[in-house]
Amino acid sequence: MKDTIISLLEDALATLKQQGDLPQDIAPTIKVDATKDKAHGDYATNLALMLAKPAGKKPRELAEALVDALPASSAVDKTEIAGPGFINFFAATDAAAQIIPTVLDAGDTFGRSLTGQGQKVQVEFVSANPTGPLHVGHGRGAAIGDSLCRLLEATGYDVTREFYYNDAGAQINNLAASVQARAKGLGPDDESWPEDGYRGDYIVDVANSYLAGDTVHADDRHVTAKGDPDDLDAIREFAVAYLRREQDLDLKAFGVEFDVYFLESSLYEDGKVEATVERLIEGGHTYEHDGALWLRTTDFGDDKDRVMRKSDGDYTYFLPDVAYHLDKWQRGFKTVINEQGADHHSTVTRVRAGLQALETGIPQGWPDYVLHQMVLVTRSGVEVKLSKRAGSYVTLRDLIDEVGRDATRYFLVARRADSQLTFDIDLARSQSNDNPVYYIQYAHARVCSVLRKAEAEGLDFDRVQAMDQLARLDTDQEKALMNRLARFPEVVEHAAISREPQQIAQYLQDLAADFHTCYNAVKVMVDDPGLRNARLALGLATRQVLRNGLDLLGVSAPEEM
RNA sequence: GCGCCCAUAGCUCAACCGGAUAGAGCAACGGCCUUCUAAGCCGUAGGUUGCAGGUUCGAGUCCUGCUGGGCGUGCCA
């Protein structure tokens with residue numbers, strides 16, 4: 001419908017140019033929007049307002065000229081000029097209903113597009129280090145990142161989900177030392193407990209499993225514990241695998257899977273870290289100072305230079321990060337999106353600076369970032385800070401176990417990434433209308449219930465008759481619902497482009513509200529078979545769009561509640 | 001101090017790359033189940049979009065400066 005109007009306006013523009021009413025050289029991008037207010041018709045354009053200045057005409061005069069030049073169309077019932085010069089389009093009454101066969105024919109693919117043209121996109125998200133269970137912040141990253149991937153897939157991109165983790169370096173040594181201490185029967189209060197050791201109870205589990213000689217597998221690796229509490233290397237290897245497996249189980253319970261697990265250690269093994277250092281030195285962007293090797297990141301917009309190689313000879317995390325991103329680029333990803341917590345936002349400038357310093361033709365501002373702000377968890381209005389298992393933070397597993405997967409995913413994805421999020425456990429658990437997840441899922445279950453009833457009464461859906469009678473879907477509530485359905489593809493498109501999955505959550509709430517309103521106003525199971533079938537068709541289409549939308553969020557669409 | 005993010009109804013949040021009278025839900029008040037799931041619907045009330053300027057025909061949206069909050073500011077990640 002929107003495209004129809006745009007092409008009508010293009011014709012009108014051409015006509016006006018031909019008549020000399022408009023300069024030849026203007027080529028505006030025509031913007032047609034669904035109206036917020038019914039009184040403004042179904043669609044509106046601000047074209048006349050935009051062209052008023054270059055055309056040297058008054059907006060309303062221009063609008064009139066445009067309307068006069070508009071070709072006739074069966075899709076448009078009438079047009080009006082309103083306000084300062086908006087042109088409002090009133091869709092023909094049965095035009096809105098045409099969305100129903102469109103949805104039914106497209107099925108699961110309704111809302112999908114080929115915009116991405118199969119272009120490769122990599123989304124890196126979660127990327128938690130294997131030093132403990134995933135926390136709520138990782139959960140937010142997982143929910144946003146995965147939903148973003150679903151959106152990109154739906155808009156025709158070839159998406160790779162990637163998880164990068166640090167399995168080398170100081171934190172991992174700390175982990176190994178902590179497990180070893182536990183394996184030797186020490187606790188955090190003992191004097192020989194490692195400084196800054198991990199204190200959570202899960203360390204005890206790892207230690208016990210190690211002593212028991214268990215075998216764990218994670219990321220295509222199988223690691224069998226040696227059981228020797230003095231072999232720190234064996235402990236390190238086992239602990240990493242153990243915690244990676246645990247994180248994977250949490251992610252699986254959350255409905256999130258990855259295509260690639262990338263190990264920081266592999267960058268060292270493959271010589272990519274060394275190669276990166278050499279290249280940076282050759283490029284002349286480094287210098288030695290205080291026994292350390294620095295990269296002059298200030299040449300590329302950073303506010304201070306950064307250490308790449310410490311005076312003890314080890315690299316900081318920064319260098320493998322650069323090597324890793326160079327590897328992404330070399331793998332052919334022109335678009336890379338890193339989803340991370342905003343507490344790591346300082347790496348953005350740094351990584352980009354490092355990549356520029358390599359001088360390999362990587363564009364400035366590559367890669368892209370989606371940063372999410374912190375998550376605060378509350379229960380009974382009080383902040384929840386501790387989990388027994390993790391010691392110092394609320395785990396993703398705690399939330400999934402307590403409020404369920406659907407509500408957890410929904411709550412973590414339904415807010416803009418760049419605003420802080422308060423996760424209210426009481427609200428997420430409540431089975432009431434103040435819980436948006438249930439509100440949307442209930443809409444789906446309700447449609448299913450009606451469809452079940454039709455089936456149970458032997459009143460099978462007659463599509464031919466339904467299509468013939470679509471014009472009878474003429475109540476305000478039905479029209480509003482159909483218009484909402486028609487907007488789904490553009491909402492998906494916009495959410496993907498702006499990388500804001502919360503727009504889908506918002507849309508689904510609106511859609512559910514339109515449906516509930518309709519449900520209360522219009523009875524589907526009426527005696528009149530034509531009307532009944534038309535309404536069943538609307539129900540089927542609504543169910544389809546609810547499903548497609550919920551799927552983009554990774555939330556289930558239950559048939560009964 | 002410097003950098004990034006945020007500020008919209010009493011509360012939690014929307015607002016489609018600048019558009020028409022800023023919208024939902026919760027909380028408050030009043031209605032609706034002998035009818036397809038009341039986890040629902042209808043109605044009432046609630047606003048100087050933190051403050052002050054600027055750009056524009058038009059600003060919650062863009063720019064500048066303030067105020068308040070979060071995060072960062074390691075030879076940690």
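Since the model is a prediction, treat every value here as computed from it, not as a measurement.
In terms of position on RNA chain B, the residue among Glu559(A) and Thr517(A) whose nearest nucleotide sits closer to the 5' end is Glu559(A).
Between the P atoms of U12(B) and A52(B), the separation comes to 23 Å (whole Å). Using P as the reference atom, C13(B) and G50(B) are 15 Å apart when rounded to the nearest Å. With both ends at atom C1', the span from G69(B) to A24(B) equals 25 Å, rounded to whole Å. For the C1' atoms, the distance from G30(B) to A45(B) is 11 Å, rounded to whole Å. Nucleotides C66(B) and C71(B) have their P atoms positioned 22 Å apart, rounded to a whole Å. Using atom P as the reference point in both U49(B) and C32(B), the two lie 38 Å apart (nearest Å). Comparing U8(B) with G47(B), their C1' atoms are spaced 8 Å from each other, to the whole Å. Taking atom P in both G53(B) and U44(B), the straight-line distance is 35 Å, to the nearest Å.
Looking at Arg416(A), its side chain has no donor and acceptor atom pair within 3.5 Å of the base of C13(B). Interface remark: the Asn88(A) side chain does form a donor-acceptor pair with the A20(B) base, using a distance-only criterion of under 3.5 Å.
For Asp368(A), the salt bridge (charged side-chain N to carboxylate O under 4.0 Å, His left out) partners at least two apart in sequence or on another chain are Arg499(A). With sequence neighbours excluded, the residues that form a ring pair (Phe, Tyr, Trp, His ring centres under 6.0 Å) with Phe262(A) are Tyr324(A). Checked against side chain to side chain contact (heavy atoms under 4.5 Å, CB included), Gln477(A) has the following partners two or more places apart in sequence or in another chain: Thr475(A), Thr517(A), Cys518(A), Ala521(A). Scanning for side chain to side chain contact (heavy atoms under 4.5 Å, CB included) contacts around Met561(A) gives Tyr438(A), Gln441(A), Tyr442(A), Ala445(A), Pro558(A), with sequence neighbours left out. Among residues two or more places apart in sequence or in another chain, the salt bridge (charged side-chain N to carboxylate O under 4.0 Å, His left out) test is passed with Arg535(A) by Glu478(A). In terms of the ring pair (Phe, Tyr, Trp, His ring centres under 6.0 Å) criterion, residue partners of Phe125(A) (sequence neighbours excluded) are, by chain and number, Phe258(A). Scored by the side-chain hydrogen bond (donor to acceptor under 3.5 Å, both in side chains) test, Arg350(A) finds Tyr317(A), Ser346(A) as partners (sequence neighbours excluded).
Remark: C1' of C26(B) and CG of Asp424(A) are 11 Å apart, rounded to the nearest angstrom. Gln506(A) has its CD atom 12 Å from the C1' atom of U12(B), to the nearest Å. What separates OH of Tyr442(A) from C1' of C41(B) is a distance of 10 Å, to the nearest Å. C16(B) atom P lies 17 Å from atom CG of Leu151(A), rounded to whole Å. Here C16(B) presents its P atom at 14 Å from CZ of Arg484(A), a figure rounded to the nearest Å. We find that CG of Leu427(A) is positioned 11 Å from P of A27(B), with the value rounded to whole Å. Leu47(A) has its CG atom 15 Å from the P atom of G19(B), to the nearest Å. Between Leu481(A) atom CG and C41(B) atom P the separation is 13 Å, expressed in whole Å.
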> How does protein reach along nucleotides 70-77 of chain B, written 5' to 3' as B (base within reach of a heavy atom under 4.0 Å), S (only sugar-phosphate), or - (no contact)?
Replying inline: SBS-SBSB

> Where along nucleotides 57-67 of chain B does protein come under 4.0 Å, by heavy atom, of base (B) or sugar-phosphate alone (S), with - for untouched nucleotides?
Replying inline: S----------

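If you check every strand for non-hydrogen atoms under 4.0 Å, Glu80(A) touches nothing. Here Ala454(A) lies out of heavy-atom contact (under 4.0 Å) with every strand. As judged by a 4.0 angstrom heavy-atom cut-off over every strand, Gln441(A) is placed among residues making no nucleic acid contact. Here His494(A) lies in heavy-atom contact (under 4.0 Å) with sugar-phosphate atoms only.
OP1 and OP2 of C4(B) both lie 4.0 Å or more from every side-chain N or O belonging to Thr349(A).
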Strictly under 3.5 Å: I want the nitrogen or oxygen pairs between protein and nucleotides 32-36 of chain B, one per line.
unit_1 : atom_1 : unit_2    : atom_2 : d
U35(B) : O2'    : Lys523(A) : NZ     : 2.6
C36(B) : O2     : Met525(A) : N      : 3.2
C36(B) : N3     : Val524(A) : N      : 3.0
C36(B) : N4     : Tyr519(A) : O      : 2.6
C36(B) : N4     : Val522(A) : O      : 2.7

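Put simply, the side chain of Thr408(A) reaches to within 4.5 Å of the side chain of Leu396(A), judged on heavy atoms. Within the 4.5 Å cutoff, side-chain heavy atoms of Val447(A) are placed close to those of Phe515(A).
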>> What does the 5'-to-3' dot-bracket notation of RNA chain B look like when only Watson-Crick and G-U wobble pairs under 3.5 Å count, and pairs to other strands show as |?
In response: (((((((..((((.....[...)))).(((((.......))))).....(((((..]....))))))))))))....

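The aromatic ring of Tyr439(A) does not stack onto the base of A39(B), failing the criterion of a centre distance under 5.5 Å from the six-membered base ring together with planes under 30° apart.
For residues 55-65 of chain A, no residue pair satisfies the side-chain hydrogen bond (donor to acceptor under 3.5 Å, both in side chains) rule, not counting sequence neighbours.
A donor atom on one side chain and an acceptor atom on the other are not found under 3.5 Å apart for Ser127(A) and Gln340(A). For the 3.5 Å distance criterion, the side chains of Arg547(A) and Gln544(A) fail to qualify, holding no donor opposite an acceptor.
Ring pair His325(A)/Trp366(A) is perpendicular by interplanar angle, where above 60° counts as perpendicular and below 30° as parallel.
Between the side chain of Asp424(A) and the main chain of Leu427(A), a donor-acceptor pair closer than 3.5 Å is present.
Taking the ring centre of Tyr507(A) as origin, the terminal cationic atom of Arg487(A) falls outside the region bounded by 6.0 Å and 45° from the ring axis.
Summarising the geometry of Leu62(A) relative to Ala52(A), their closest heavy-atom pair is CD2-N, 3.8 Å, with the distance given to 0.1 Å.
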